[in-house]
Amino acid sequence: MNYWLIKSEGTCYSIADMGRDTRVPWTGIRNYQARNFMRDQMQPGDLALFYHSNGTDKEPTGVYGVVQVASKAHTDETQFDTKDEHYDPKSKKEAPLWQCVDIAFVEQYAAPVTLAEIKGDPKLAGMAVRERGSRLSIQPVSEKHFSHIQKLAAQKNPRGVSKKK
DNA sequence: GCCAACGTTGGC
DNA sequence: GCCAACGTTGGC
């Protein structure tokens, strides 16, 4: 079982959209390293932090929830669609360049675990997303880091906080 | 909106 | 195969 971090621009496709759609093919990845992660290492059942990049003051950059890998890698059909913004003229039907996996909604956090918090937490040292110039849209995450983010998110959930004094 | 960092392209 | 030019990403 592997853990991941999947980026999306919050203004483009958010965790709320994910919650509405339930399950989507994660198309449009046009980076070889990210593709290789999907093709070679992602397995159905893997869990991924859903990260909003390019945040604002109101909607800060950070982890907004969790999704689950729901299929093996398969051909990303948008590469052949001339009208799609991720159309790739170099890709041929008989030898597709790009693949994607399906991902399924798991949960939306009550409040995001922000990038500022991630950077400030010594327990999250080494997370790729902390490094400047880290542009990879799909990144592996250690089990330790994954569960610590989950813990931070649970602490923000009022329902998750004990009422006992 | 700026700009540094990065990946990709293409001329040689 | 090198590397400059270019386009894109993403934090700030």
Side-chain angles (χ1 to χ4, degrees), chain A residues 2-19 21 24-42 46-67 69 73-103 105-142 144-146 148-150 152-153 155-156:
Chain A
N2 296 309
Y3 297 91
W4 307 93
L5 180 144
I6 294 178
K7 285 187 197 171
S8 176
E9 287 195 42
T11 53
C12 179
Y13 190 83
S14 71
I15 189 71
D17 296 322
M18 194 64 228
D21 294 342
V24 292
W26 200 245
T27 57
I29 302 292
R30 298 292 180 266
N31 170 284
Y32 289 104
Q33 215 180 334
R35 179 204 67 184
N36 293 348
F37 280 136
M38 289 195 290
R39 189 190 58 191
D40 305 333
Q41 288 180 250
M42 272 193 177
D46 284 359
L47 292 171
L49 303 168
F50 197 90
Y51 179 92
H52 289 190
S53 62
N54 281 314
T56 59
D57 287 346
K58 244 183 105 187
E59 301 254 299
T61 297
V63 176
Y64 277 71
V66 176
V67 296
V69 177
H74 56 86
T75 303
D76 177 347
E77 296 298 334
T78 65
Q79 69 196 295
F80 304 121
D81 182 354
T82 51
K83 291 190 206 75
D84 193 279
E85 72 171 307
H86 298 290
Y87 170 67
D88 186 349
K90 294 195 306 304
S91 187
K92 300 281 168 273
K93 273 271 184 192
E94 58 277 15
L97 273 178
W98 305 110
Q99 294 188 284
C100 62
V101 296
D102 293 355
I103 62 171
F105 177 78
V106 175
E107 67 170 313
Q108 176 172 1
Y109 292 158
V113 177
T114 66
L115 181 59
E117 290 169 318
I118 291 170
K119 284 188 168 174
D121 192 326
K123 289 215 170 106
L124 297 174
M127 269 190 88
V129 86
R130 287 169 46 135
E131 276 145 49
R132 79 203 205 114
S134 160
R135 289 170 38 176
L136 203 51
S137 56
I138 293 180
Q139 307 175 351
V141 169
S142 74
K144 255 194 182 126
H145 289 161
F146 182 89
H148 189 64
I149 298 265
Q150 287 283 75
L152 294 177
Q155 285 168 2
K156 290 168 180 265

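Just the heavy atoms: all of them, side chains too, but no hydrogens, waters or symmetry mates, feed the values below. We name chains A, B, ... by the order of the sequence lines, and we start the count at 1 in each one. Since the structure is predicted, the reported quantities are computational estimates derived from the model, not experimental observations.
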Requested in this report: Check the side chains of A:R30 and A:T78 for a donor-acceptor pair under 3.5 angstrom, ignoring hydrogens and angles.
Outcome: yes
Query - Whether A:W98 and A:Y32 hold their rings parallel, tilted or perpendicular, with breakpoints at 30° and 60° - result: tilted
**Report entry** Identified side-chain contact (heavy atoms from CB on, under 4.5 Å) partner of A:Y109 from the options A:V66, A:L152, A:I15
**Finding:** A:V66
Query raised in the report: Using a cut-off of 4.0 Å between protein heavy atoms and nucleotide atoms, how would you tag nucleotides 2-12 of chain B 5' to 3' with B, S and -?
Result: --SBBSSS---
Query raised in the report: Do the non-hydrogen side-chain atoms of A:L49 and A:F146 ever get within less than 4.5 Å of each other?
Result: yes
Report task. Apply the test salt bridge (Lys or Arg N to Asp or Glu O under 4.0 Å) to residues A:D88 and A:K90: give CA-CA distance (whole Å), side-chain angles for both, the deciding distance (0.1 Å), then the verdict. Result -> CA-CA 5 Å; A:D88 186 349; A:K90 294 195 306 304; 3.5 Å; yes
